[in-house]
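Below is one structure; the comments refer to it alone.
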Amino acid sequence: MSKQIIKGKLLAFENKFIQQRIEKAELLRAEGINPYANNSQRNTTIAKFLNVNSDVAEKENQRDEKRHYIVSGRIKLFRIMGKASFIKIEDESGMLQVYVARDNLPEGFYNDTFKKNIETGDIVEINGFPFVTGKGELSLHAEGVKLLTKAIAPLPEKFHGITDKETRYRKRYLDLIMNAEVRKTFKIRSKVISLTRHFFEDKGFLEVETPMMHPIAGGANAKPFVTHHNALGIDRFLRIAPELYLKRLIVGGFEAVFEINRNFRNEGMDATHNPEFTSIEFYWAYKTYKDLIKITKEYFEYLFDHLDLPTILPYGDLEVDFSEFKEIPLIESLSVIGGVPEDIVNDKEKILAYLRANKLEAKSEMTLGQLQGELFDGFVEEKLINPTFITEYPVDISPLARRSDVNPEITERFELFIAGREIANAFSELNDPVDQYERFKAQVESKESGDDEAHEMDEDFVEALSYGMAPTAGQGIGLDRLVMLLTNEHSIRDVLLFPAMKPLHNEHANDKNEENKTGE
RNA sequence: GUCUCGUUAGCUCAGCUGGUAGAGCACGUCACUUUUAAUGAUGUGGCCGAUGGUUCGAAUCCAUCACGGGACACCA
């Protein structure tokens with residue numbers, strides 16, 4: 001737990017290091033140097049500098065004084081060696097060593113300004129020429145040093161950096177300054193989002209934005225956040241899924257739509273759950289879940305190709321082999337993968353007994369399909385390491401999926417599991433408005449008997465379906481978890497720039513009243 | 001929500017069965033013009049997460065609270 005946050009000394013500028021640095025900024029001002037200058041002259045990035053000058057080692061004296069560059073960056077290391085110094089500066093593209101010698105700078109600047117008032121954490125601009133040091137490191141030989149931005153807060157320790165997870169999540173900017181691999185993770189995340197967008201655009205999907213504030217929180221089984229519209233005097237729910245709006249668009253005649261954005265679920269937080277999370281949902285008219293299996297495989301190939309990932313990815317202690325995506329019906333997976341005796345998987349009483357014998361939750365009022373779901377969660381899910389499509393889900397745990405024409409008890413649905421986790425959920429959509437109405441009614445009854453995550457009746461959605469929705473297949477993919485998988489991260493907080501955190505102080509004295517309101 | 005571990009200097013961490021705090025880095029001063037976590041000398045720096053309790057005496061023991069990590073439960 002980081003004490004500094006609680007004490008708040010840095011913010012109050014009471015900290016002695018901050019005082020010292022503010023004084024330095026004043027001294028610089030007195031010399032006519034603006035400690036917050038904005039006239040940057042940078043003409044190349046560090047990565048480009050290193051790349052373009054990789055030939056300097058071959059040159060006479062291992063230097064090229066005819067080349068001139070201006071680079072900028074934050075000082076990460078400062079090594080003063082008398083009349084010369086080595087500093088390391090970092091910009092977004094990389095890290096560069098700069099050699100600063102007294103005699104290459106204006107009279108007095110090195111001793112009175114550079115050594116005294118410029119330090120680790122400051123953002124500077126260096127102009128100079130490339131050379132290679134005795135130890136073989138391509139560096140920049142400074143002929144001018146300009147301060148761009150004075151940092152009045154000291155950087156964390158140069159070797160260990162910042163490791164306290166709480167500080168890293170609360171002050172992500174510090175984490176990003178200090179930890180290059182964190183920057184890399186978030187670059188990959190950004191790329192995954194971008195690739196996802198391009199993949200579906202290339203397939204002819206239309207990107208749309210549907211409401212985040214819903215009158216009825218539908219499209220998933222989850223508790224919603226409640227917010228309030230003052231002018232209308234009504235409560236709204238932050239969406240738990242965009243599904244029902246996207247399907248209305250299919251009714252409206254768009255044949256392929258997708259939305260990449262946040263969902264909000266008012267549930268516990270842990271390594272795989274953040275109150276707001278990012279998903280892609282896409283809906284595709286005149287297709288079935290079989291087509292979704294195909295496009296999902298293509299999507300993963302596309303990602304792996306563009307991210308340049310190996311077919312076998314490490315994930316913690318696991319090795320996940322993406323070369324083959326298996327397919328198996330849920331009922332079959334129970335015995336084949338889960339080791340559940342084959343003769344019990346269609347018998348309510350036997351499943352109940354089996355679950356209880358294995359100390360798993362089992363309520364007598366559960367339906368057969370719900371019990372099969374329990375079996376799956378308890379015995380199969382964690383064993384699905386390599387990508388596996390689990391298909392043919394029971395209808396009573398799939399309120400929005402289309403029934404199978406062959407067996408009305410199951411739906412045309414799959415979930416994709418990788419590394420023991422659900423990554424995608426997809427099905428041929430239910431487009432029979434009467435069936436949909438009945439299923440909503442069943443959910444409402446379930447809700448009345450205590451399941452507060454059950455669906456509510458959405459009459460407007462049923463009405464939309466009653467105008468006819470073309471046969472459609474739809475899918476949702478949890479992008480945070482996908483990024484976790486691809487970056488070998490094991491906490492969702494490590495793939496969210498600003499994960500949800502509890503407030504540090506009792507800032508909201510009226511929270512108790514708020515609780516009462518939302519509980520109504 | 002439950003269990004469990006943690007919170008000591010700006011950062012990373014020691015501090016044993018109670019005797020009012022230590023290192024490294026950083027920072028200040030000095031030396032040093034090719035270093036690589038530069039080096040050497042020297043110095044400053046702490047409400048030991050918060051509140052109570054036990055005790056002559058608490059960073060240390062106990063309780064409660066706050067925040068965080070991990071595991072489990074629910075979910076994506």
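Any value given below was found using the heavy atoms of this structure, including those in side chains, with hydrogens, waters and symmetry copies removed. Below, chains carry the letters A, B, ... as their sequence lines are ordered, and counting in each starts from 1.
Following rounding to the nearest Å, A:I80 (CD1) and B:rA26 (P) show an atom-to-atom distance of 11 Å. Here the P atom of nucleotide B:rG6 and the CZ atom of A:R168 are 21 Å apart, to the nearest Å.
Salt bridge annotation for A:R74-A:D91: absent, with no cationic side-chain nitrogen under 4.0 angstrom from a carboxylate oxygen. With respect to the salt-bridge test (charged N to carboxylate O, under 4.0 angstrom), the residues A:E429 and A:R402 do not qualify. Using a 4.0 Å cut-off between a side-chain N of Lys or Arg and a carboxylate O of Asp or Glu, A:E90 and A:K88 do not qualify as a salt bridge.
When heavy atoms are screened at a 4.0 angstrom cut-off, A:T133 is found touching base atoms of the nucleic acid. Nucleic acid contact class of A:M178 (heavy atoms, under 4.0 Å, all strands): none. The residue A:R493 sits close only to the backbone: its heavy atoms come under 4.0 Å of sugar-phosphate atoms, none of a base.
Stem analysis of RNA chain B (Watson-Crick or G-U pairs, both distances under 3.5 Å, runs of at least three) returns B:1-7 with B:66-72, B:10-13 with B:22-25, B:27-31 with B:39-43, B:49-53 with B:61-65.
Considering only side-chain N and O atoms, A:R265 lies nowhere under 4.0 angstrom from the phosphate OP1 or OP2 of B:rC74. Phosphate contact (OP1/OP2 of B:rG28, side-chain N/O of A:R21, threshold under 4.0 Å): absent.
The ring pair (Phe, Tyr, Trp, His ring centres under 6.0 Å) analysis of residues 151-180 of chain A, with sequence neighbours excluded, yields no pairs.
Taking the ring centroids of A:Y289 and A:F427, they lie at or beyond the 6.0 Å cut-off.
For A:E259, the salt bridge (charged side-chain N to carboxylate O under 4.0 Å, His left out) test picks out A:R239, with sequence neighbours left out.
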